[in-house]
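Here is the structure we will look at, set down as structure tokens.
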Amino acid sequence: MTDREGAVGAETAGRWPATEAEAVAAQERIRAAADLTSPGPAPGEVRRIAGVDVAYDEESDLLVAAAVVLDADTLEVLEEVVHTGRSGFPYVPGLLAFRELPGVLAALERLRTPPEAVVCDGYGYAHPRRAGLAVHLGVLTGLPCFGVAKSPFVFDHTEPGPSRGDSSPLLDRGRTPPEVVGRALRTQAGVKPVFVSAGHGIGLDHACAHTLRLAPRYRLPETTRVADGLGRRALRELKAGRREPYGAAER
DNA sequence: GCGACAG
DNA sequence: ATCTTGTCGC
């Protein structure tokens, strides 16, 4: 129907990349299909915003992908869903999307409350090929997506100012000339900054504005906090349930 | 070749 | 990501 769905079909119709070389090639296409120039929706223009995260159990190979939708103004949790699956791609720096997205997409499809934007736990534009998690998810869903990461990955930055809202550029010095790919943003005074980057359909300025609004009290945005909590809780209960037949079953 | 390396 | 207790502070 729409162009965006066409792009989705192009990337999901075939098999999901099985090798690193295929994944890298797929990222080049994702990057080419992404909207990396739109300012995107400002905080006041978004009603429902989603957060996604994935929790893993290394030994059982199980994973739980969580998707939550919050009221962008009140931060009230409107809906929470999880999807259980198994990891089909290892964690490789730069290829995180191929490990996390299958589960995330499945979880997002279970949502009855359609979000207008999605916050990813990781990077978007700040990526070796400018095709991080948020760019990839945005192309696949057509939704504005941006990334909020907890560590600087392979990029450089200087310490942002001490106050909430202070920031400093996240720089890719592997390019000539060096390019600003994101922002180290202090969401709380006296706490380490988070690393924000644009994604598909939303620029860095609005991504940072959303991040600040979503983090009125803690370092990380509520979207990722809620999704993270839901995911690990569901994974715990899943593991407990699997052991139950051998242990003290209820009744 | 070695180290670094979102989650 | 996950392994992990207590501890300092509001």
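The model shown is predicted, which means the values in this text are computed figures rather than measured ones. Just so it is clear: chains get the letters A, B, ... in the order the sequence lines come, proteins before strands, and each one is counted from 1.
Rounded to an integer number of Å, the gap from CG of A/Leu220 to P of B/dA6 is 15 Å. Residue A/Glu59 contributes atom CD, which lies 11 Å from atom C1' of C/dC3 at whole-angstrom precision. Whole-Å rounding puts the A/His157 NE2 to B/dA4 P distance at 17 Å. The NZ-C1' distance, from A/Lys150 to B/dA6, rounds to 8 Å in whole Å. Atoms CG (A/Asp172) and P (B/dA4) sit 19 Å apart, rounded to a whole Å. Whole-Å rounding puts the A/Tyr218 OH to C/dG9 C1' distance at 13 Å. B/dC5 atom P lies 16 Å from atom CZ of A/Arg173, rounded to whole Å. Atoms CG (A/Leu95) and C1' (B/dA4) sit 15 Å apart, rounded to a whole Å.
If you check every strand for non-hydrogen atoms under 4.0 Å, A/Asp53 touches sugar and phosphate atoms only. Residue contacts shown for A/Leu133 include a base, since a base heavy atom lies under 4.0 Å away. Within 4.0 Å of A/Leu101, counting heavy atoms only, lies no atom of the nucleic acid at all. Residue-level contact check: A/Gly94 touches the bases, meaning some heavy atom is under 4.0 Å from a base atom. Residue A/Ala126 is classed as having no contact, given no heavy-atom separation below 4.0 Å to the nucleic acid. Heavy atoms of A/Arg232 sit under 4.0 angstrom from primed sugar atoms or phosphate atoms, though from no base atom.
Under a cut-off of 6.0 angstrom, the local environment of CZ in A/Arg173 is sparse, with at most 12 non-hydrogen atoms contributed by other residues, nucleotides or ligands. Counting non-hydrogen atoms of other residues, nucleotides and ligands closer than 6.0 Å to CD of A/Glu20 gives a total of 12 or fewer.
By the 5.5 angstrom centroid cut-off and the 30-degree plane limit, A/Tyr91 is classified as stacked against the base of B/dG7.
Among the nucleotides B/dG7, B/dC5, C/dT2, the one closest to the side chain of A/Ala149 is B/dG7. When distances run from any side-chain atom of A/Asp121 to the nucleotides C/dT2, B/dA6, C/dA1, the shortest one goes to C/dA1.
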**Q.** ring pair (Phe, Tyr, Trp, His ring centres under 6.0 Å) between A/His136 and A/Phe98, worked out
**A.** CA-CA 9 Å; A/His136 204 142; A/Phe98 299 95; 5.2 Å; yes

Q: Could you walk me through whether A/Tyr123 and A/Phe153 pass the side chain to side chain contact (heavy atoms under 4.5 Å, CB included) test, one step at a time?
A: CA-CA 9 Å; A/Tyr123 283 111; A/Phe153 198 13; 3.3 Å; yes

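Proximity of A/Ser151 to the phosphate of B/dG7: a side-chain N or O atom is located under 4.0 Å from OP1 or OP2.
In this structure, A/Glu79 CD and A/Arg112 CZ are separated by 7.0 Å, a value rounded to the nearest 0.5 Å.
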